Asker: 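Supplied in structure tokens, the structure appears directly below.
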Amino acid sequence: MLVELAIDDCWNRIGVKGDGSCPELKQHVHCRNCPVYADAGHRLFDREPPTDCIQEWTQQIAQTEPLEASNTAPVLVFRCGEEWLGLHVAQVLEVGAPRVVHRIPHRSTKLLQGLVNIRGELQLCVALRELLGIDSTSNVPPQQPSGENNSATDTSDNKQRLVVVERNSQVWAFDVDEVAGVTRFPLSELGNVPATVANSLARYSRGVFMWNEKAIGFLDDERLFEQLRRAIG
């Protein structure tokens, strides 16, 4: 068995995997951005590994956790153009300030914008609006200036954020115009996508739920990321 440590897993109780009541979420948006979560991770990795560590982790990784194990779903709520969207937090790695986009010669397109530096690693940056058929004129990603130093751009005058997601070991990043935070909604309240919604957006939505008097399109992450993989991979 793995060595037990006295770690307060607040992310499972009051964080994005809990009831979302942690006051630090207003600042960090996602538990993975919080220093408490990072400190717990360091403590786990610094512990003395047991002799059967590989076998134990193999068993744990093989146990897949269903996204909808309960009657509610935790989602990150954000805005692209005029559309409010929700993505299951299980797919979200982090939310941060926009990064400078490095274009890829002969590869960058309207959908594949280029590469961004995420914690020292270059990841693909895509235009979610392009895939969903949302007007993208309201947000133009920062261009790489001469002598660029990979630092995040100044967001003091806007609400734009960079959302980093992962599915099946594939990492993607995309800019959004605003992040409202993480919330939970009852799956029983998920309604049908209105007929007025653009075909592209409707195709990648599982339904719509109401939150703070806004209609939130709950994205179908399986379809969404599979199409990204096909279009870019």
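Just so it is clear, the structure is predicted and the values come from calculations on it, not from any experiment.
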Asker: Are there more than 12 heavy atoms of other residues, nucleotides or ligands under 6.0 Å from atom CD of Glu222?
Answerer: no
Asker: Do any N or O atoms from the side chain of Arg223 and from the backbone of Asp221 form a donor-acceptor pair under 3.5 angstrom?
Answerer: no
Asker: Please list every donor-acceptor pair under 3.5 Å in which a side-chain atom of residues 207-214 meets a protein atom from a residue at least two apart or in another chain.
Answerer:
from, atom 1, to, atom 2, distance (Å)
Trp211, NE1, Thr183, OG1, 3.2

Asker: Do His30 and Leu76 make a side-chain contact, defined as non-hydrogen atoms from C-beta onward lying under 4.5 Å apart?
Answerer: no
Asker: For Ser21, enumerate each residue passing the side chain to side chain donor-acceptor pair (under 3.5 Å) test, keeping only those at least two apart in sequence or located in another chain.
Answerer: Asp19
Asker: Going from CG on Asp220 to OG on Ser205, what distance comes out if it is rounded to the nearest 0.5 angstrom?
Answerer: 8.0 Å
Asker: Under the rule for salt bridge (charged side-chain N to carboxylate O under 4.0 Å, His left out), what residues qualify as partners of Glu226, not counting sequence neighbours?
Answerer: Arg229, Arg230
Asker: Transitively linked via ILVMFWY side-chain contacts under 4.5 Å: Ile14 with Val92?
Answerer: no
Asker: For the CZ atom of Arg203 and the CG atom of Leu224, what is their distance to the nearest 0.5 Å?
Answerer: 11.5 Å
Asker: Would you find a donor on one side and an acceptor on the other, under 3.5 Å apart, between the side chain of Arg79 and the backbone of Ala180?
Answerer: no
Asker: Report yes if the side chains of Phe174 and Arg129 come closer than 4.5 Å at any heavy-atom pair, otherwise no.
Answerer: no
Asker: Given side chains that start at C-beta, do those of Leu128 and Phe78 come closer than 4.5 Å, heavy atoms only?
Answerer: yes
Asker: For Gly15 versus Cys31, what's the shortest heavy-atom pair and its separation?
Answerer: CA-SG, 3.6 Å
Asker: Do Leu111 and Leu87 share a hydrophobic cluster, counting only Ile, Leu, Val, Met, Phe, Trp and Tyr and linking them when any side-chain heavy atoms are less than 4.5 Å apart?
Answerer: yes
Asker: If you take all heavy atoms of Arg184 and Thr72, which pair is closest and at what distance?
Answerer: NH1-OG1, 3.0 Å
Asker: Measuring from atom CD1 of Ile216 to atom CG of Leu190, what distance do you get when rounded to the nearest 0.5 angstrom?
Answerer: 12.0 Å
Asker: So, do Val116 and Val101 sit near enough that their side-chain heavy atoms are less than 4.5 Å apart?
Answerer: yes
Asker: When you compare the side chain of Cys80 with that of Leu132, does any pair of heavy atoms fall below 4.5 Å?
Answerer: no
Asker: Classify the angle between the aromatic ring planes of Phe185 and Phe218 as parallel (below 30°), tilted (30 to 60°) or perpendicular (above 60°).
Answerer: perpendicular
Asker: Glu24: which residues meet the salt bridge (charged side-chain N to carboxylate O under 4.0 Å, His left out) condition with it, sequence neighbours left out?
Answerer: none
Asker: Is any side-chain heavy atom of Leu201 less than 4.5 Å from a side-chain heavy atom of Leu85?
Answerer: yes
Asker: According to side-chain contact (heavy atoms from CB on, under 4.5 Å), who are the partners of Gln123, at least two apart in sequence or on a separate chain?
Answerer: Ile118, Glu121, Val171
Asker: Walk me through it: do Gln160 and Asp175 pass the test side-chain contact (heavy atoms from CB on, under 4.5 Å)?
Answerer: CA-CA 7 Å; Gln160 293 178 7; Asp175 284 310; 5.5 Å; no
Asker: Measure across Leu162 and Ala97 and return the closest heavy-atom pair with its distance rounded to 0.1 Å.
Answerer: CB-O, 3.6 Å
Asker: Answer yes or no: is there a donor N or O on one side and an acceptor on the other, between the side chain of Asp177 and the main chain of Gly81, under 3.5 Å?
Answerer: yes
Asker: Under the side-chain contact (heavy atoms from CB on, under 4.5 Å) rule, collect the residues that match up with Leu124, sequence neighbours excluded.
Answerer: Ile104, Leu112, Leu115, Trp172, Ile232
Asker: So, do Tyr204 and Gln227 sit near enough that their side-chain heavy atoms are less than 4.5 Å apart?
Answerer: yes
